[in-house]
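Residue numbers run from 1 in the order of the sequence given.
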Amino acid sequence: MLSRARANRLRAVDDAVFIGGPEKRAIVIEEYDPAWTARFEQVHAALQQALGPLAHRIEHFGSTAVPGLGAKGIVDVMVTVDDADDEAAFGPALENHGFAIRVRQPGHRMYRTPDQDVHVHVFTEGGAAARIRLLFRDWLRHDAGDRRLYEDTKRELARRDWDATNDYSEAKGTVVAAILVRAQRWSETQQA
């Protein structure tokens, strides 16, 4: 029997609409590159210009935001807005600045650059989806053991042949869930 969280996660994936359909791209885990932070700063400035006060928060997250962690070299950026499902409020501004929509799913939109080297994830401000991603990033910055576990997992999975890049992402789910349990415990001690 599926847990409620797992069922919701699967339903969210099922509800996702991948503009252009599934993609098969080579998955190559690169050594950490400080240039990823510089790329984020460029994108941050472009997003501020595009969205102005619509963006509550613009954060660098994902593997490229964790010093020392190998990654695919795609800079993940989180933007929080009043309502991520109100695409009409922010979508045209992003598209006018060169970001193309790639994913539509409840509570989440993902845009990317033409070079596909930046993914801009739009979430609702104050929502669990944004909080969890930042918690994961902060924990990996803090804990060398889980940082190593996550990188080793990614490298092992990257050696496999996947029908679509999302299959690779989903395959990391069990390890990500285990790391998030430890991250949550750590977060609770930080708040005490």
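One hydrophobic cluster, built from ILVMFWY side chains closer than 4.5 Å, cannot hold both Ile29 and Trp36; they sit in different ones. Follow the hydrophobic side-chain contacts under 4.5 Å out from Val66 and you never reach Met78; the two are in separate clusters. Under the 4.5 Å side-chain contact rule for hydrophobic residues, Ile74 and Val43 do not share a cluster. Leu134 and Leu140 are not part of a single hydrophobic cluster, where members link through side-chain heavy atoms under 4.5 Å apart. A single hydrophobic cluster is not seen to contain both Tyr32 and Val28; linkage of ILVMFWY side chains at heavy-atom distances under 4.5 Å, directly or through other members, places them apart.
Val118 pairs with exactly one of Thr64, Val75, Leu47 by the side-chain contact (heavy atoms from CB on, under 4.5 Å) rule, that one being Val75.
From Tyr168, atom OH reaches atom NZ of Lys24 across 15.0 Å, with rounding to the nearest 0.5 Å. One distance of note links CG of Asp161 with CD1 of Ile27; it measures 9.0 Å at 0.5 Å rounding. Note that CD of Gln190 is 6.5 Å distant from NE2 of His142, once rounded to the nearest 0.5 Å. If you take CG on Asn96 and CD on Gln49, they are separated by 11.5 Å, rounding to the nearest 0.5 Å. Here the CH2-CD distance, from Trp162 to Glu170, works out to 9.0 Å after rounding to the nearest 0.5 Å. To the nearest 0.5 Å, atoms CZ (Arg160) and CG (Asp163) are separated by 13.0 Å.
Here the side chains of Gln105 and Val103 are in contact, with some heavy-atom distance below 4.5 Å. Looking only at side-chain heavy atoms (C-beta outward), Arg148 and Leu69 stay at 4.5 Å or farther from each other. Taking 4.5 Å as the limit, some side-chain heavy atom of Asp85 sits within range of a side-chain heavy atom of Arg109. Arg185 is listed as a side-chain neighbour of Val181, based on a closest heavy-atom distance under 4.5 Å.
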Problem set entry | Trace of the side chain to side chain contact (heavy atoms under 4.5 Å, CB included) decision for Val122 with His108 | CA-CA 6 Å; Val122 180; His108 174 233; 6.0 Å; no

For this session: Could you check Tyr150 against Val176 for side chain to side chain contact (heavy atoms under 4.5 Å, CB included), going step by step and ending with a plain yes or no?
Result: CA-CA 8 Å; Tyr150 189 52; Val176 169; 3.7 Å; yes

Exercise. When you look at Trp139 and Arg182, which way does the side chain to side chain contact (heavy atoms under 4.5 Å, CB included) test go after all the steps?
Worked result: CA-CA 8 Å; Trp139 174 249; Arg182 292 185 287 277; 4.1 Å; yes

For this session: Run the numbers on Ile101 and Glu95 for side chain to side chain contact (heavy atoms under 4.5 Å, CB included), then give the verdict.
Result: CA-CA 8 Å; Ile101 184 78; Glu95 290 171 355; 3.9 Å; yes

For this session: Assess whether side chain to side chain donor-acceptor pair (under 3.5 Å) is satisfied between Lys154 and Ser63, documenting all intermediate values.
Result: CA-CA 10 Å; Lys154 293 191 313 172; Ser63 295; 2.7 Å; yes

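Gly107 approaches Ala84 most closely through the heavy-atom pair O-CB, 3.6 Å. Closest approach of Ile58 to Phe40, counting heavy atoms only: O-CZ, 4.1 Å. Residues Leu54 and Ala89 approach most closely at CD1-O, 3.1 Å, considering heavy atoms. Contact between Ala183 and Leu135 at its shortest, heavy atoms only, is O-CD1, 3.6 Å. Contact between Val79 and Ala55 at its shortest, heavy atoms only, is CG1-CB, 3.9 Å.
In terms of modelled atom types and a separation under 3.5 Å, the side chain of Thr153 and the main chain of Leu149 share a donor-acceptor contact. For Arg131 (side chain) and Gly127 (main-chain N/O), no donor-acceptor pair under 3.5 Å exists by modelled atom type. Thr80 places no side-chain N or O within donor-acceptor distance of the main-chain N or O of Thr124, the cut-off being under 3.5 Å.
In summary, the side chains of Trp186 and Asp143 do not present any donor paired with an acceptor at a separation below 3.5 Å, with no hydrogens or angles considered. For the 3.5 Å distance criterion, the side chains of His60 and Asp76 fail to qualify, holding no donor opposite an acceptor. Using modelled atom types, one finds no donor on one side chain facing an acceptor on the other under 3.5 Å when comparing Arg102 with Gln116. A side-chain N or O of His56 and one of Asp82 form a donor-acceptor pair less than 3.5 Å apart. For the residue pair His44 / Glu41, no side-chain donor-acceptor distance below 3.5 Å is found, with atom types taken as modelled.
Residues Tyr111 and His121 place their aromatic rings such that the two centres sit no closer than 6.0 Å.
The pair Glu151-Arg155 meets the salt-bridge criterion, with a side-chain N (NZ, NE, NH1 or NH2) lying under 4.0 Å from an Asp/Glu carboxylate O. For the pair Glu87 and Arg104, the salt-bridge criterion is met [side-chain N within less than 4.0 Å of a carboxylate O]. Comment: Arg112 does not engage Asp117 in a salt bridge, judged by the lack of any side-chain N to carboxylate O separation of less than 4.0 angstrom. Salt bridge status for Arg137 with Glu59: present, with a side-chain N to carboxylate O gap under 4.0 Å.
Using the six-membered ring where Trp is involved, Phe61 and Phe123 have ring planes that are perpendicular, over 60° apart on the 30 and 60° scheme.
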